[in-house]
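As structure tokens, the structure follows; a few thoughts come after it.
All chains are named by letter (A, B, ...) in the order of the sequence lines, taking the proteins before the strands, and each is independently numbered beginning at 1.
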Number of protein chains: 2
Amino acid sequence: MTVRTVRVLLADDQSMVREALATLLGLEDDIEVVAQVARGDEVLAAAREHTPDVALLDIEMPGLTGIEAAARLRAELPEVKIVIVTTFGRPGYLRRAMESGAEAFLVKDAPASQLAEAVRQVLRGERVIDPGLAAAALADGADPLTGREREVLRAAADGSVNAEIARRLLLSEGTVRNYLSTAIQKTGARNRAEAVRIAREKGWL
Amino acid sequence: MTVRTVRVLLADDQSMVREALATLLGLEDDIEVVAQVARGDEVLAAAREHTPDVALLDIEMPGLTGIEAAARLRAELPEVKIVIVTTFGRPGYLRRAMESGAEAFLVKDAPASQLAEAVRQVLRGERVIDPGLAAAALADGADPLTGREREVLRAAADGSVNAEIARRLLLSEGTVRNYLSTAIQKTGARNRAEAVRIAREKGWL
DNA sequence: GGTCGCGTATGACATCTGTCATCTGCAAGA
DNA sequence: TCTTGCAGATGACAGATGTCATACGCGACC
């Protein structure tokens, strides 16, 4: 019986990393990299055209994040298995990746051999997730921030003052202070800088 | 005349990326990856043992940064050519890399072929730096922060309050406020969060 | 010896941040 | 219909931040 190669789409905005990973995967007898993209918003079109079995998606990409691209793939080409391959093994990323329909979640500090192996595993219907990350993601609990709280907190992340945030989001300054105060309390922080850091760590921002 | 292969040491804390880059380089006829390390503080010992011609160093690694490792390589094994290969093409990183003795500076969003090419170029005594980055680094000017200002600003980066910073650095709170105020003014920021962001962007932090 | 810059400190003061109480409108759910 | 939560707002107040003036010790440099 002939061996059928797995068709893989690879998305990562760093050309050097993407091409190196493509080269590595291409050395496997049973894997063929049929498409490479550098932007999240190119994933879906490339998947339609090249009909991959598996999509390997970085998270932080221009256009759309890998998680957003995963959601669109799941909606339109549900037969494509999705593996998130990311730099930061953040619990929040893991949760959002699973919510978006990914079958696997790899961090780039894993051995390279795990990449090819993960492709084979998701094709067999298996899930590939680091147990420690899974535990952390479950321990963090659900995102307690409302949409506007998150937006105001994000706006505060670069050091903008309340008046500026108010102007930018078309709110009064008092309202901004209220939202920030609530976000600070929900994250258990003492000030907005800590709140931003904690929310990012937990994947809420 | 026989072709002599270039011996390369590769340092990157992400195994998947490092091994993929090693595989890519290994496909070149004239390049051999003789050592791989995941920590900055393993670079020097590995270089002593494996006698590479060229060291490819990521910047953000545990133990020592690639820039710190570059400085030590330059001091002890000055015949090793140093290429910094980093995720973030920050002008500040470029400046510090050159100050540490690196011959080349690549950002990972460059095509993979540039990596092997850069290895060959530094061996010929050439410099490999993106001109746009070089211009930005020169435009930023020298770091205006004193040692203590930088230390206090760094301590403030995670949202620590003045009292906490004072305790941690064994200073009075008033002194901390003075240092922060001066750092804010030197960076042209309006508050500590902006000062941190600007200093990071310019490579002063 | 004098000057300069850095490190460190105190005190006063203006501004900003963060908290809290209170209020209204709206939509969803019981 | 009533309750709940979210969005948005105002006002008062306490505490934190940031600015500024002033001062001293120390080491480097002229």
Query raised in the report: Counting only heavy atoms not in A:Arg74, do more than 12 fall under 6.0 Å of its CZ?
Result: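 Result for CZ/A:Arg74: enclosed.
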Query raised in the report: If you pin B:Ala193 and A:Lys186 to their nearest nucleotides in DNA chain D, which one's is more 5'?
Result: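 Closest to the 5' end, via its nearest nucleotide, is A:Lys186.
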Query - Upstream residue (5' side of DNA chain D) when A:Glu173 and B:Arg192 are each assigned their closest nucleotide - result: A:Glu173
Query raised in the report: Side chains of B:Ser160 and B:Arg168: do they bring a donor and an acceptor to under 3.5 Å?
Result: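 Short answer, yes.
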Query raised in the report: Just checking, is any N or O donor in the side chain of A:Arg167 or A:Asn162 under 3.5 Å from an acceptor N or O on the other one?
Result: no
Is [X] touching bases, backbone alone, or none of the nucleic acid, heavy atoms closer than 4.0 Å?
X        : result
A:Arg177 : base
A:Gln185 : sugar-phosphate
A:Thr175 : base
B:Ser181 : base
B:Asn178 : base

Side-chain heavy atoms of [X] within contact of [Y], under 4.5 Å:
X        : Y        : result
A:Arg150 : A:Asp143 : yes
B:Leu115 : B:Leu21  : yes
B:Thr51  : B:Arg7   : yes

Query - salt_bridge(B:Glu151, B:Arg154) N-O dist < 4.0 Å - result: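 Salt bridge flag = no for B:Arg154 with B:Glu151.
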**Report entry** Span of DNA chain D in contact with chain A (heavy atoms, under 4.0 Å)
**Finding:**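 With heavy atoms of chain A under 4.0 Å away, the range is D:dC6 to D:dA12.
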**Report entry** Contact nearer the 5' end of DNA chain C, comparing B:Gly174 with B:Pro144
**Finding:** B:Pro144
**Report entry** Of B:Arg120, B:Arg4, B:Arg124, the residue whose pairing with B:Asp53 passes salt bridge (charged side-chain N to carboxylate O under 4.0 Å, His left out)
**Finding:** B:Arg4
Query raised in the report: Do side-chain atoms of A:Thr175 reach the backbone of A:Leu171 as a donor and acceptor pair under 3.5 angstrom?
Result: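 No: the side chain of A:Thr175 does not pair with the backbone of A:Leu171.
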Query raised in the report: Is the backbone N or O of A:Leu25 less than 3.5 Å from a side-chain atom of A:Glu28, with the two atoms forming a donor-acceptor pair by type?
Result: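 Not a single qualifying donor-acceptor pair exists.
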**Report entry** Nucleotides bounding contact with chain B, strand DNA chain C, heavy-atom threshold 4.0 Å
**Finding:**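 Contact span on the strand: C:dC6 to C:dA12.
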Query raised in the report: Does A:Phe88 have A:Arg90 sitting over its ring (NZ/CZ under 6.0 Å from centre, angle to axis within 45°)?
Result: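 Judged by the rule (NZ or CZ under 6.0 Å from the ring centre, within 45° of its axis), A:Arg90 counts as positioned above A:Phe88.
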Requested in this report: Quantify the bending of the helix from C:dG1-D:dC30 to C:dA30-D:dT1 as the angle between its end axes, each fitted on five pairs, to 10°.
Outcome: 30°
